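Following: one structure in structure tokens, then a few remarks.
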Amino acid sequence: MTFLLETFRLGLANIMLHKLRSLLTALGIIIGVGAVVAIAAYGEGSKRAALAGIRELGANNILLKSVKPPESSAPQQEESNGGGNDDGPPVLISSYGLTRLDMRRLGGDSVGPVERMVPLKQVGSFIYRGAETVQAARVYGTTPELFDTLPMKVARGRVHNESDASHFNAVIGADAASHLFRLEDALGNTFSIDGQPFTVVGILEPIGVTAGRDINFDIFIPLDAAEDRFGDLRMLPGGTTGEDVELSELIIRVPQPDQVRMVAAQVRRVIEAGHEDKQDVQVTVPLELIEQESRTQLMFTFLMVVIALLSLLVGGIGIMNIMLASVTERTREIGVRRALGATRMHIVFQFLVETTVLSLVGGVLGILLGLGAALLLGVLSRFVEGVSQPVPTLWSIVLGFTAASFVGIFAGLYPAIRAAWSDPIDALRHD
């Protein structure tokens with residue numbers, strides 16, 4: 001046992017004797033392990049960021065959206081422009097998308113179970129207050145249930161209620177409020193939508209992109225008021241085209257996540273039956289998007305980790321080359337040890353100690369390098385848009401360290417066996 005401990009000490013001493021060579025030998029391991037840890041951390045961070053955005057849509061929700069058919073194949077009609085003046089230029093009107101009949105069909109026995117259905121109807125083209133206009137703002141008529149279905153919270157004021165149905169009241173996003181009311185408090189003040197005044201009764205808390213749009217610029221008014229005041233025809237900027245869309249969106253809330261796929265299949269059948277080949281309604285299931293995004297990110301992380309592990313393999317080849325050169329360099333030392341009674345196993349053990357320690361130290365340094373790179377990316381993500389916050393994972397650290405250990409053992413095995421089976425007499429004669 002004492003002999004083995006002495007062999008272990010000699011192996012460590014030889015590594016310390018050639019510090020720079022040892023560092024360069026372990027460099028491939030360090031970079032490989034660091035790459036595994038850093039890539040896995042960035043992949044995990046990207047996955048969480050993507051899934052968080054999708055989860056904001058609601059894992060229990062099914063989203064239906066009116067979309068203009070491809071190649072402008074929506075039914076179109078021409079109407080005269082100019083408010084009764086037949087001499088005015090014609091206006092091209094496109095009719096497509098969700099209808100109130102679709103909503104009644106989806107609310108029947110053909111689809112279920114459904115907890116609630118929330119319609120959204122986009123109205124208005126020009127949102128302004130005096131000289132202040134908000135080009136990015138969009139106005140939706142909807143019901144109070146919307147604020148319980150999507151992750152929206154009122155910072156000040158209140159949401160719609162049934163008594164607001166026939167009134168000109170609105171709940172507006174944080175950015176819409178700051179743009180329309182730059183020097184005044186938006187709550188209780190009025191603004192105009194296509195010339196009709198609306199009073200702000202609630203201001204939403206700032207929020208990111210949800211349901212595929214920036215809610216911070218959205219304005220919500222009662223659905224009944226939207227239908228009564230604006231109708232179904234909405235003129236687009238320019239005044240020569242318009243859209244006849246009864247419902248812009250429909251959010252279906254399902255009681256349990258495990259019921260979403262079944263209800264989504266029923267919804268798709270109802271929509272396909274009512275719209276045939278129009279392709280003017282898009283059905284989105286956030287739960288399916290979550291699963292798809294998880295699979296995509298898992299595949300991406302797997303490929304990146306495989307590439308990083310290849311660099312570990314290259315590092316192992318580097319260790320093997322250095323140790324083979326070391327066997328030739330220390331041939332006489334091997335002969336002396338054999339002459340003094342060292343067995344082949346002792347020689348193998350000595351060289352394995354050196355390669356394993358190099359790999360383990362390289363693995364630790366690689367882990368620190370990977371965590372440092374993840375920390376640097378985390379700082380960078382605060383200033384650069386599109387860079388996700390990395391999340392270091394335990395499995396990548398364990399994988400990197402374990403892979404480094406095995407690489408060290410297997411890379412040193414052949415040089416160690418070659419050293420152990422060298423002829424002692426020839427080794428003693430070696431200069």
Side-chain angles (χ1 to χ4, degrees), residues 65-68 72 74 76-85 87-98 119-143 146 152 157 160 164-204 206-207 209 211-249:
K65 184 176 182 179
S66 296
V67 294
K68 198 166 187 177
S72 302
Q76 297 179 342
Q77 58 182 353
E78 287 190 357
E79 294 184 3
S80 61
N81 194 12
N85 185 0
D87 296 333
V91 177
L92 193 62
I93 306 298
S94 299
S95 300
Y96 63 88
L98 291 163
L120 288 96
K121 179 180 182 63
Q122 186 173 0
V123 298
S125 301
F126 303 100
I127 298 93
Y128 58 93
R129 180 177 183 269
E132 300 291 343
T133 62
V134 186
Q135 298 293 337
R138 287 167 297 187
V139 182
Y140 292 94
T142 187
T143 60
L146 175 70
M152 296 189 296
H160 299 144
D164 290 318
S166 59
H167 293 78
F168 293 90
N169 291 335
V171 177
I172 67 176
D175 288 343
S178 62
H179 280 69
L180 287 171
F181 304 92
R182 296 182 182 275
L183 302 177
E184 300 178 57
D185 185 5
L187 193 64
N189 268 312
T190 61
F191 65 99
S192 297
I193 304 173
D194 287 357
Q196 301 199 42
F198 280 80
T199 302
V200 178
V201 296
I203 304 172
L204 297 175
I207 189 174
V209 176
R213 61 172 178 267
D214 188 357
I215 290 182
N216 292 318
F217 281 101
D218 284 355
I219 298 171
F220 302 98
I221 64 176
L223 180 62
D224 290 345
E227 292 176 339
D228 293 341
R229 308 297 178 183
F230 298 96
D232 295 334
L233 178 62
R234 186 171 73 93
M235 298 303 301
L236 300 179
T240 59
T241 59
E243 295 179 343
D244 184 5
V245 179
E246 294 185 16
L247 295 176
S248 304
E249 300 177 40

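This one's a predicted model, so the numbers in the text were calculated from it and none came from an experiment.
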Is the side chain of [X] donor-acceptor paired with the backbone N or O of [Y] at a distance under 3.5 Å, no angle test?
{"X": "Lys121", "Y": "Thr142", "answer": "no"}
{"X": "Asn216", "Y": "Ile207", "answer": "yes"}
{"X": "Ser94", "Y": "Glu243", "answer": "no"}
{"X": "Thr199", "Y": "Asn189", "answer": "no"}
{"X": "Gln196", "Y": "Arg229", "answer": "yes"}
{"X": "His160", "Y": "Phe220", "answer": "yes"}
{"X": "Asp194", "Y": "Phe126", "answer": "yes"}

Name all residues meeting the side chain to side chain donor-acceptor pair (under 3.5 Å) criterion together with Glu227; count only those two or more places apart in sequence or in a different chain, and write none if there are none.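 Counting only residues at least two positions away or on another chain, Glu227 forms a side chain to side chain donor-acceptor pair (under 3.5 Å) with Arg100.
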
Measure the shortest side-chain to side-chain distance between [X] and [Y] over non-hydrogen atoms and say whether it is less than 4.5 angstrom.
{"X": "Arg182", "Y": "Arg129", "answer": "no"}
{"X": "Ile193", "Y": "Phe230", "answer": "yes"}
{"X": "Phe191", "Y": "Val200", "answer": "yes"}
{"X": "Val134", "Y": "Leu180", "answer": "yes"}

Distance (rounded to the nearest 0.5 Å) between Ile172 CD1 and Leu204 CG: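 It comes to 8.5 Å.
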
Can you tell me how far the CD atom of Gln122 sits from the CZ atom of Arg234, to the nearest 0.5 Å? 4.0 Å

Quick one: do Glu249 and Lys65 make a salt bridge, cutoff under 4.0 Å? no

